[in-house]
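As the structure is a computational prediction, the values presented were derived from the model and not from experiment. For the numbers below, each heavy atom of this structure counts, side chains included, while hydrogens, waters and symmetry mates do not.
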Amino acid sequence: MAIIRDRDLIPDLNDIPVEMLVSCINEHQQGLERLNKLDKYYKGNHDILNRKDSMTGLPNNKLVANHAKYITDIATGYVLGNPVKYDGSQIEPITNAFKLNDIVSHDSELGKDLSMFGVGRELYYMSSDDVPVPKVTVIDPRQLFLVVDDTVEYKSMFALHYYERKDINNKVIGYKVNVYTSELIVIYHSTNLKDFEMVDIKDHFFGSVPVVEFWNNEEQQGDYEQQISLLDAYNALQSDRVNDKEQLVDALLKIKGVSLGDDTAEASKTIKLLKELKVLELPEDGEADWLTKQLTESEVEVLRQAIKSDIHEFSMVPDLTDENFASNVSGVAMKYKLFGLEQLAVTKQRYFVQGLRERLAMFARILSVKGKAVDTSDVTITMTRNLPANDLETAQIIATLAGSVSNETLIKLLSFVQNAKEEIERLNAQKDQEVKRNQQAFGMPMDGDPNEDEADDEAAA
């Protein structure tokens, strides 16, 4: 989350005291342990991998069932799998700038950070081209943070981006620290994040701190953060399950009433013969059986299913491989099965749209500097869920509502239509061409009034 500081502690917001920078960096680093753990779990580096090997030589499997990655990938794909749509009277300059930034891929990357860390941050800058254009990039929240004031509006005061500096041998020699204010980019070099040497100052022209912070939810928690204990339990259960199987294979043979030999050498020879001949002769009172551990597989499976069910229930991301998601399930039934995921998506969307409006304002300001005035007050932001589309059912709905709802609204329902207005224009142009072809086929003029020739004949008479 953003770091909060008293506005009165900074006399000039374009000249941040070094003491303030050090204080904010220290506070930011206190939360890195949590973020690092969330990142490790997404990448499959779970705590089960650190389990110590048994001193008795027993099996110690370390299995990772990466539900964390599954939860993030499904939640992100469901909410941001389809491009965000923008409608507005003056939105075209901004959408053109978005295309240059490949904003669809950018949003997916940002959504992944939100799902993992609970927060995502993007940095705005001007490209280094001969004709600079506004650009935006996602920065790891472990390297970038935003500082806001302590008012109810939480206005941005400055942002700080710091990362390691390395020499030609890729050895870390310090840090590069970029401080972003509402007007300037102040660049420092530091060896220990306590002593700073200013190396450059630049203007950025965005009219405000060029960093926007997105939230995943009000608590700024990741989608699988509260399920980590369940993930650990599932990994431990599956690992021990395999351990038990291996111990069963390595069972001991118990022999009663017979000796395999008088010494170790003779016993070893006897055991070797038993392995080769697969025959064991015992006296009348002799017994032989295996010392095995009794496995209650059914009970273990019940526990595994219970833990797995809890993981999906509390994360609100369903198990799509479950038989309840069969291909023959109706659209309405599918919506009920995805009800939990939809509630998660509604929360994620609400906070994501807030960040998108800040992004629109950021691009509008920089475009105005370049001489393109853009008003984003009437922009409508539409986010469409990424679900298998039943276009046949949608077409039936459109046919039923035709004449009662505008064509533009109906056409927006079709999954394969990206821009309803452009589609209507193409449809009207196609109809005009068909009319002209029909007129030409029946010998009628292609332009003007088809009764024009009859009127000329009457005038001549």
Side-chain angles (χ1 to χ4, degrees), residues 1-4 23-53 60-80 108-123 138-147 159-164 172 175 193 211 213-240 304 307-317 319 341 344 347-348 351-352 355:
M1 62 181 296
I3 295 173
I4 301 174
S23 171
C24 292
I25 289 175
N26 290 337
E27 181 173 337
H28 178 255
Q29 291 194 319
Q30 290 175 8
L32 293 186
E33 181 179 356
R34 166 183 166 268
L35 297 179
N36 287 333
K37 183 172 184 177
L38 293 172
D39 179 65
K40 288 194 302 182
Y41 266 71
Y42 178 82
K43 293 178 179 178
N45 186 13
H46 295 196
D47 285 350
I48 189 68
L49 297 177
N50 301 322
R51 186 165 71 173
K52 294 182 179 180
D53 293 333
N60 185 25
N61 289 280
K62 304 170 185 178
L63 305 184
V64 172
N66 200 351
H67 288 97
K69 185 177 188 302
Y70 178 87
I71 290 170
T72 285
D73 290 350
I74 293 298
T76 302
Y78 182 69
V79 178
L80 292 167
S108 295
E109 184 181 354
L110 180 62
K112 179 180 158 185
D113 274 1
L114 288 171
S115 182
M116 290 170 57
F117 303 120
V119 66
R121 299 184 181 110
E122 55 183 23
L123 171 67
V138 177
I139 302 293
D140 192 318
R142 290 171 291 181
Q143 297 179 337
L144 175 69
F145 61 84
L146 186 66
V147 180
L160 192 147
H161 179 209
Y162 64 103
Y163 52 93
E164 294 177 342
V172 177
Y175 295 87
L193 293 178
V211 170
E213 181 176 82
F214 289 72
W215 292 6
N216 191 49
N217 45 52
E218 184 179 3
E219 296 77 20
Q220 299 173 47
Q221 288 187 322
D223 290 333
Y224 55 83
E225 186 169 352
Q226 293 190 19
Q227 284 71 54
I228 286 181
S229 60
L230 288 171
L231 302 183
D232 290 339
Y234 190 93
N235 291 336
L237 180 66
Q238 291 295 81
S239 299
D240 291 340
R304 185 189 74 86
I307 295 175
K308 183 178 181 181
S309 176
D310 285 345
I311 290 173
H312 290 289
E313 177 182 352
F314 297 128
S315 67
M316 294 192 288
V317 176
D319 180 7
L341 180 58
L344 176 68
T347 300
K348 292 167 73 74
Y351 286 96
F352 196 77

Looking at every non-hydrogen atom in both residues, tell me the closest pair between [X] and [Y] and how far apart they are.
| X | Y | answer |
| --- | --- | --- |
| Asn60 | Lys52 | ND2-O, 2.9 Å |
| Trp215 | Glu213 | NE1-OE1, 2.9 Å |
| Arg34 | Glu225 | NE-OE2, 2.7 Å |
| Val211 | Leu144 | CG1-CD2, 4.0 Å |
| Ala75 | Val317 | CB-CG2, 4.3 Å |
| Asn216 | Ser115 | OD1-N, 4.3 Å |

task: Just do the side chain to side chain contact (heavy atoms under 4.5 Å, CB included) check on Ile311 and Leu231 with the steps written out, would you?
output: CA-CA 7 Å; Ile311 290 173; Leu231 302 183; 3.7 Å; yes
Hey, would you say the [X] and [Y] ring centroids sit under 6.0 Å apart?
| X | Y | result |
| --- | --- | --- |
| His67 | Tyr224 | no |
| His161 | Phe145 | no |
| His312 | Tyr70 | yes |

Please tell me if the side chains of [X] and [Y] come closer than 4.5 Å, counting only heavy atoms from C-beta onward.
| X | Y | result |
| --- | --- | --- |
| Leu110 | Phe352 | yes |
| Arg142 | Asp39 | yes |
| Leu160 | Cys24 | no |
| Glu164 | Tyr175 | yes |
| Phe214 | Tyr351 | no |

Salt-bridge test for [X] and [Y]: reply yes if a basic N is under 4.0 Å from a carboxylate O, no otherwise.
| X | Y | result |
| --- | --- | --- |
| Asp223 | Lys348 | yes |
| Asp113 | Arg121 | no |
| Arg51 | Asp240 | yes |

With rounding to the nearest 0.5 Å, note down the distance linking [atom1] in [X] to [atom2] in [Y].
| X | Y | atom1 | atom2 | result |
| --- | --- | --- | --- | --- |
| Leu123 | Ile139 | CG | CD1 | 5.5 Å |
| Leu80 | Glu109 | CG | CD | 12.0 Å |
| Leu49 | Leu63 | CG | CG | 9.5 Å |
| Lys308 | Tyr234 | NZ | OH | 5.0 Å |
| Leu193 | Asn26 | CG | CG | 8.0 Å |
| Leu38 | Ile228 | CG | CD1 | 5.0 Å |

task: Verify the distance criterion only: is there a donor paired with an acceptor across the side chains of Asn36 and Tyr41 at less than 3.5 Å?
output: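 No, Tyr41 and Asn36 have no side-chain donor paired with an acceptor closer than 3.5 Å.
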- request: Count the heavy atoms of every other residue, nucleotide or ligand shown that sit under 6.0 Å from CD of Gln226, and state whether that count exceeds 12.
  value: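 Atom CD in Gln226 is not crowded, with 12 or fewer foreign heavy atoms closer than 6.0 Å.
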message: If you count heavy atoms of other groups shown closer than 6.0 angstrom to NZ of Lys69, is the number above 12?
response: no
- request: Scan Asp73, Asn66, Ile71 and name whichever one has a side-chain contact (heavy atoms from CB on, under 4.5 Å) with Tyr42.
  value: Asp73
message: Has His28 got a side-chain atom pairing as donor or acceptor with Pro141's backbone, closer than 3.5 angstrom?
response: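 Checking the backbone N and O of Pro141 against the side chain of His28, a donor-acceptor pair under 3.5 Å is found.
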query: Quick one: does Asp310's side chain have a donor or acceptor within less than 3.5 Å of a partner on Phe314's backbone?
result: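 Between the backbone of Phe314 and the side chain of Asp310 there is no qualifying donor-acceptor contact (under 3.5 Å).
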- request: Test Met316 against Leu341 for side chain to side chain contact (heavy atoms under 4.5 Å, CB included), laying out the working first.
  value: CA-CA 5 Å; Met316 294 192 288; Leu341 180 58; 5.8 Å; no
